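Each remark here refers to the structure printed beneath this line.
These numbers come from a predicted model, not from an experiment. Side-chain atoms are counted along with the backbone in the values below, which use heavy atoms only and exclude waters and symmetry mates. Below, chain A is the first sequence line, B the second, and so on; all start at residue 1.
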2 protein chains.
Amino acid sequence: MAKEKSDNTEIEILNAAKEIFQQKGMDGARMQEIADKAKINKALLHYYYRSKQLLFEAVFKSAFALLAPQLNKVLNDDSDLFDKIRKFTDSYISFVIKHPYLPNFVIQELNKNPEFIQKLRLQENFPSITTFKLQVSDAIEKKIIIPIQAEQLFINIMSLNVFPFIAEPLLTALINVDKKKYNEIIQNRKIDVANFIINAIKI
Amino acid sequence: MAKEKSDNTEIEILNAAKEIFQQKGMDGARMQEIADKAKINKALLHYYYRSKQLLFEAVFKSAFALLAPQLNKVLNDDSDLFDKIRKFTDSYISFVIKHPYLPNFVIQELNKNPEFIQKLRLQENFPSITTFKLQVSDAIEKKIIIPIQAEQLFINIMSLNVFPFIAEPLLTALINVDKKKYNEIIQNRKIDVANFIINAIKI
DNA sequence: ATATTTGTTAACCGAATGGTTAAACCATAT
DNA sequence: ATATGGTTTAACCATTCGGTTAACAAATAT
């Protein structure tokens with residue numbers, strides 16, 4: 001069987017497509033450019049993925065499959081609430097350094113195509129907030145944290161961790177630092193953000 | 001002079017272009033679609049703005065000109081620090097409701113074109129963090145707030161206010177609410193976010 | 001009244017783009 | 001060795017897209 005060769009090609013294509021789509025988005029990406037990056041003929045893209053749309057969806061699902069476990073660190077990890085916040089904040093930054101374009105890509109394409117999320121919802125492993133809500137209620141009852149809606153807390157955690165990467169070009173300009181200094185600031189956030197959140201909610 | 005008529009057309013074009021560009025981005029927008037929305041012939045777009053790129057830049061600058069005063073509410077308003085945080089948080093939500101696609105548009109296009117920010121920097125009215133830094137230092141000295149880098153605080157304020165709009169499709173799915181419920185949550189944030197921030201930094 | 005400038009349009013153009021086709025290639029089974 | 005099946009390519013196709021042209025319309029100046 002020629003399985004090995006074809007498997008490789010299929011993966012090469014997906015990797016090339018990931019890079020191009022995540023950097024340029026669905027509209028900005030060119031099939032030819034993906035083919036070039038994968039070092040194959042453009043017709044092969046269609047042989048394996050039929051259309052730009054289907055190739056894009058494969059990339060998108062694959063991207064979300066990487067992101068979901070990260071989100072589950074906040075939502076479904078069973079450690080203590082404060083620990084969880086610290087762990088997530090710390091690990092998310094490492095994650096984004098590995099996949100710099102990924103979160104922005106997911107958010108951006110979801111904005112252009114909001115109904116797309118329905119397809120993801122059906123997948124197993126789609127993050128659910130249920131456990132997190134119980135945990136927050138519990139911490140409020142036990143007077144560990146002030147009363148706060150779990151949804152609001154979750155949004156805050158996400159905002160503080162994700163936004164600085166998405167808005168990097170704007171923020172570097174506004175706070176008037178170069179990319180190097182901005183990265184230092186981001187590094188500091190590994191600890192600072194968790195403390196900021198915990199400070200805001202602890203009694 | 002045919003000034004009135006031409007003025008109208010030029011503004012019609014810009015408004016149509018704003019809508020299309022902000023919803024679909026530079027790559028997704030079509031000149032024909034902009035012409036249709038402005039109810040004019042496609043050649044007129046080029047008559048007034050010469051190229052798609054220049055039309056886009058006009059839209060982008062105009063969008064940023066709307067956003068800048070909002071940012072200056074945090075950075076250069078001379079009210080008390082806590083007041084400022086409350087005022088910004090409250091007013092930013094109203095702003096985004098009026099211009100739902102704007103912040104995302106600016107951030108997104110800056111990501112695809114980071115050098116673009118240089119052009120904006122030269123414009124007067126470009127927000128500067130200098131005053132805000134002094135204010136934060138002052139508040140720390142006076143033991144009103146805990147020690148925190150002004151840059152970090154600014155990033156936090158921006159994150160908590162801007163991100164929930166940018167990531168709306170993702171967040172509604174993750175916290176499992178419909179659009180109506182999500183808007184209620186956003187409305188609550190007008191007060192909640194300011195309190196969250198102040199709680200996190202006050203002594 | 002008429003010439004001149006400004007605004008507007010229909011028709012057109014060339015390049016780029018997503019997608020297709022038909023032939024070649026190549027590993028394996030017979 | 002050769003037939004078979006999947007794999008890969010060069011060439012091609014139809015359409016879309018940004019942009020141009022040339023002619024027409026309308027306003028203004030003389």
Side-chain angles (χ1 to χ4, degrees), chain A residues 1-63 105 108-109 112-113 116 119, chain B residues 1-63 105 108-109 112-113 116 119:
Chain A
M1 279 192 279
K3 254 296 170 62
E4 200 187 339
K5 200 171 186 183
S6 65
D7 269 12
N8 273 343
T9 311
E10 199 168 342
I11 291 168
E12 280 309 309
I13 292 176
L14 197 66
N15 285 336
K18 270 185 197 174
E19 230 175 289
I20 304 291
F21 274 130
Q22 288 183 24
Q23 283 182 46
K24 312 206 165 178
M26 169 68 169
D27 295 327
R30 296 289 154 246
M31 292 297 267
Q32 186 60 58
E33 201 180 354
I34 294 172
D36 290 348
K37 174 143 282 178
K39 284 170 193 151
I40 45 111
N41 185 288
K42 183 161 67 84
L44 259 197
L45 296 181
H46 294 93
Y47 177 76
Y48 282 104
Y49 293 93
R50 283 204 33 212
S51 69
K52 188 184 184 185
Q53 181 65 29
L54 287 176
L55 176 54
F56 173 79
E57 289 183 19
V59 167
F60 189 84
K61 277 178 193 160
S62 152
F105 169 70
Q108 197 50 33
E109 299 299 332
K112 270 185 196 140
N113 233 331
F116 216 84
K119 289 186 190 169
Chain B
M1 278 192 280
K3 255 297 172 60
E4 199 187 338
K5 199 172 185 184
S6 65
D7 269 15
N8 274 340
T9 312
E10 199 169 342
I11 291 168
E12 282 307 310
I13 292 175
L14 197 66
N15 285 335
K18 270 184 198 173
E19 230 175 287
I20 304 291
F21 274 130
Q22 288 184 25
Q23 284 181 45
K24 311 205 166 179
M26 169 67 168
D27 295 329
R30 295 289 154 249
M31 293 298 265
Q32 186 59 59
E33 200 181 355
I34 294 172
D36 290 347
K37 174 143 280 177
K39 284 170 193 152
I40 47 113
N41 185 289
K42 182 161 67 88
L44 260 197
L45 296 181
H46 293 94
Y47 179 76
Y48 282 104
Y49 293 92
R50 283 201 36 211
S51 69
K52 187 184 185 185
Q53 181 65 28
L54 287 176
L55 177 54
F56 173 80
E57 288 182 18
V59 167
F60 190 85
K61 276 178 192 159
S62 152
F105 169 69
Q108 197 49 34
E109 298 300 332
K112 269 184 197 143
N113 233 332
F116 216 83
K119 290 186 189 169

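Within the 4.5 Å cutoff, the side chain of Leu14(A) has heavy atoms near those of the Tyr49(A) side chain. The shortest side-chain heavy-atom distance between Arg50(B) and His46(B) does not fall under the 4.5 Å cut-off. Phe60(A) is not listed as a side-chain neighbour of Met26(A), based on a closest heavy-atom distance of 4.5 Å or more. Side-chain contact between Phe105(B) and Gln23(B): absent, with no pair of heavy atoms (C-beta onward) separated by less than 4.5 Å. Between Arg30(A) and Lys24(A), the closest side-chain pair of non-hydrogen atoms is not below 4.5 Å. At a threshold of 4.5 Å between non-hydrogen side-chain atoms, the residues Val59(B) and Ile20(B) do not count as touching.
Note on Ala35(A): nothing from the nucleic acid sits closer than 4.0 angstrom, heavy atoms only. Ile40(A) comes within contact range of the sugar-phosphate backbone alone, with a heavy-atom separation under 4.0 Å but no base atom that close.
For residues 14-26 of chain B, proximity to DNA chain D is found at no residue, defined as any non-hydrogen atom under 4.0 angstrom from a strand atom.
In this structure, Asp36(B) atom CG and dC17(D) atom P are separated by 11 Å, rounded to whole Å. We find that CD1 of Ile34(A) is positioned 12 Å from P of dT17(C), with the value rounded to whole Å. Remark: P of dA10(C) and OH of Tyr47(B) are 17 Å apart, rounded to the nearest angstrom. When the P atom of dT8(D) is taken as reference, atom CG of Leu45(A) falls 12 Å away, rounded to whole Å. Distance CG (Leu44(B)) to C1' (dA10(C)): 12 Å, rounded to an integer number of Å. Residue Glu10(B) contributes atom CD, which lies 10 Å from atom P of dT8(C) at whole-angstrom precision. Here the C1' atom of nucleotide dG18(D) and the CG atom of Leu55(B) are 12 Å apart, to the nearest Å. Summarising the geometry, the separation between CG on Asp27(A) and P on dC17(D) is reported as 11 Å, rounded to the nearest angstrom.
Side-chain atoms of Lys42(B) never come within 3.5 Å of backbone atoms of Asp36(B) as a donor-acceptor pair (strictly under, hydrogens ignored).
In this structure Lys37(A) satisfies the salt bridge (Lys or Arg N to Asp or Glu O under 4.0 Å) test together with Glu19(A), sequence neighbours excluded.
Phosphate contact (OP1/OP2 of dT8(D), side-chain N/O of Tyr48(A), threshold under 4.0 Å): present. Contact check, Arg30(B) against dT16(D): no side-chain N or O comes under 4.0 Å of OP1 or OP2. At least one side-chain nitrogen or oxygen of Thr9(A) sits closer than 4.0 Å to the OP1 or OP2 atom of dT8(D).
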Q: Treat primed atoms plus P, OP1 and OP2 as sugar-phosphate and everything else as base, then score nucleotides 19-25 of chain D 5' to 3': B for base contact with protein heavy atoms under 4.0 Å, S for sugar-phosphate contact only, - for none.
A: BBB----
Q: Show the numbers, then the answer: is there a ring pair (Phe, Tyr, Trp, His ring centres under 6.0 Å) between Phe56(B) and Phe21(B)?
A: CA-CA 7 Å; Phe56(B) 173 80; Phe21(B) 274 130; 5.2 Å; yes
